[in-house]
Amino acid sequence: MEMLVAPKGGSKYIVEDKTQRLLYTIKKKGFGQKFNLLDTSNYILYTIVQTGDDRKPAFVITLNDTTFLKLECKSLFLDPTISAEGKKMKYALVSKDRREFEIHLDGKSVGTIKTKVTMNNELHYDISIENTAFDDYIPLFAIAIDKTFGDMNKQK
């Protein structure tokens, strides 16, 4: 499965497949760092909320107001990594340069997230993941990367 996560304004992201068909919309909810993942019918599937500060970013992904995955930045500079743990799964988003991340599911590489800087200095995220490892919450990993490493990547 291949998709692109791109910002639209300051409070919205769109998720498209490689044929530019809209798959999801990610919208900021209220104040703070809370984003809802909506399907094409505007039904809320998941919510990601930033729970940590800028020095140690952390997030939770909720499903029906119950924590589904906990994401935590393990390192900002040396071997940048975000871990995501749920009851039955464990992800690691591993990078060497804060731009290209490998997605590991239970220790096995299942995909990548690559950061692209556009001409107007926006960050887009190309996600490529095995079909067997894909789930609706995967685009929220790009939001966590954007909120954790986005400002650093724009300055390069």
*Does the Asp97 side chain pair with the main chain of Glu100, one donor and one acceptor, at a distance under 3.5 Å?*
yes
*Considering all heavy atoms of both residues, which atom of Phe77 and which atom of Pro80 are nearest to each other, and what is their separation?*
O-CD, 3.6 Å
_Taking side chain to side chain donor-acceptor pair (under 3.5 Å) as the definition, give me every residue that meets it alongside Asp126, ordered by chain and number, with sequence neighbours left out._
Lys116
*Taking atom types as modelled, is there a side-chain donor on Thr62 or Asn64 under 3.5 Å from an acceptor on the other?*
no
*Residue list, side chain to side chain donor-acceptor pair (under 3.5 Å) with Lys28, at least two apart or on another chain*: none
*Examine Val94 and Met89 and state if one hydrophobic cluster contains both, with Ile, Leu, Val, Met, Phe, Trp and Tyr joined whenever side-chain heavy atoms are less than 4.5 Å apart.*
no
*CA sep, side-chain torsions, deciding dist, call: Tyr91, Ile138, side-chain contact (heavy atoms from CB on, under 4.5 Å)*: CA-CA 10 Å; Tyr91 287 94; Ile138 296 296; 3.9 Å; yes
*Does any non-hydrogen side-chain atom of Lys18 lie less than 4.5 Å from one of Leu4?*
no
*So among Val49, Thr47, Ile48, which one has a side-chain contact (heavy atoms from CB on, under 4.5 Å) with Phe35?*
Ile48
*Which heavy atom of Val15 sits nearest a heavy atom of Pro139, and at what distance?*
CG2-CB, 3.9 Å
*asked:* I'd like to check the side chain to side chain contact (heavy atoms under 4.5 Å, CB included) partners of Thr118; sequence neighbours left out, ordered by chain and number.
replied: Asn120, Glu122, His124
*In plain terms, say whether Glu72 and Lys74 are close enough for a salt bridge, that is, a side-chain N and a carboxylate O under 4.0 Å apart.*
yes
*Do the two ring centres, one from Phe141 and one from Phe101, sit under 6.0 Å apart?*
no
_Tell me whether Tyr43 shares a hydrophobic cluster with Leu22, the cluster being built from Ile, Leu, Val, Met, Phe, Trp, Tyr side chains joined at under 4.5 Å._
no
*Do Gln50 and Lys147 come within less than 4.5 Å of each other through their side chains, counting heavy atoms only?*
yes
*Measure the CD1-OG1 distance between Ile103 and Thr112 for me, rounded to the nearest 0.5 Å.*
6.5 Å
_Closest approach of His104 to Ser109 (non-hydrogen atoms, all atoms of both residues)_ = ND1-N, 4.1 Å
*Joint cluster assignment, Ile61 & Leu38, ILVMFWY side-chain distance < 4.5 Å*: no
_Can a donor-acceptor pair be found, under 3.5 Å and without considering hydrogens, that links the side chain of Asp146 to the backbone of Gly150?_
no
*Report yes or no: do Tyr125 and Leu23 belong to one cluster of Ile/Leu/Val/Met/Phe/Trp/Tyr joined by side chain heavy-atom distances under 4.5 Å?*
yes
_For a quick test of reading the model, state the closest non-hydrogen atom pair linking Ala142 to Ile113 and the distance between them._
N-CD1, 4.4 Å
*Would you please classify the geometry between the Phe68 ring and the Tyr46 ring as parallel, tilted or perpendicular, with 30° and 60° separating the classes?*
tilted
*At what distance, to the nearest 0.5 angstrom, does CG of Leu45 lie from OG1 of Thr25?*
10.5 Å
*Going from SG on Cys73 to CD1 on Ile145, what distance comes out if it is rounded to the nearest 0.5 angstrom?*
10.5 Å
*Answer with yes or no whether the hydrophobic clustering places Ile82 together with Val60; edges join I, L, V, M, F, W, Y residues whose side-chain heavy atoms lie under 4.5 Å apart.*
no
*CD1/Ile44 to CG/Asp39 distance, rounded to the nearest 0.5 angstrom?*
10.0 Å
*Thinking salt bridges, do Glu130 and Lys108 make one under a 4.0 Å N-O criterion?*
yes
*Once you round to the nearest 0.5 Å, how far does OG1 of Thr115 lie from CZ of Arg98?*
10.5 Å
*Pairwise distance CD1(Ile143) to OH(Tyr137) - rounded to 0.5 angstrom*: 16.0 Å
*asked:* Quick one about Thr81 and Asp79 (side-chain donor to acceptor, distance below 3.5 Å, no hydrogens or angles considered), yes or no?
replied: no
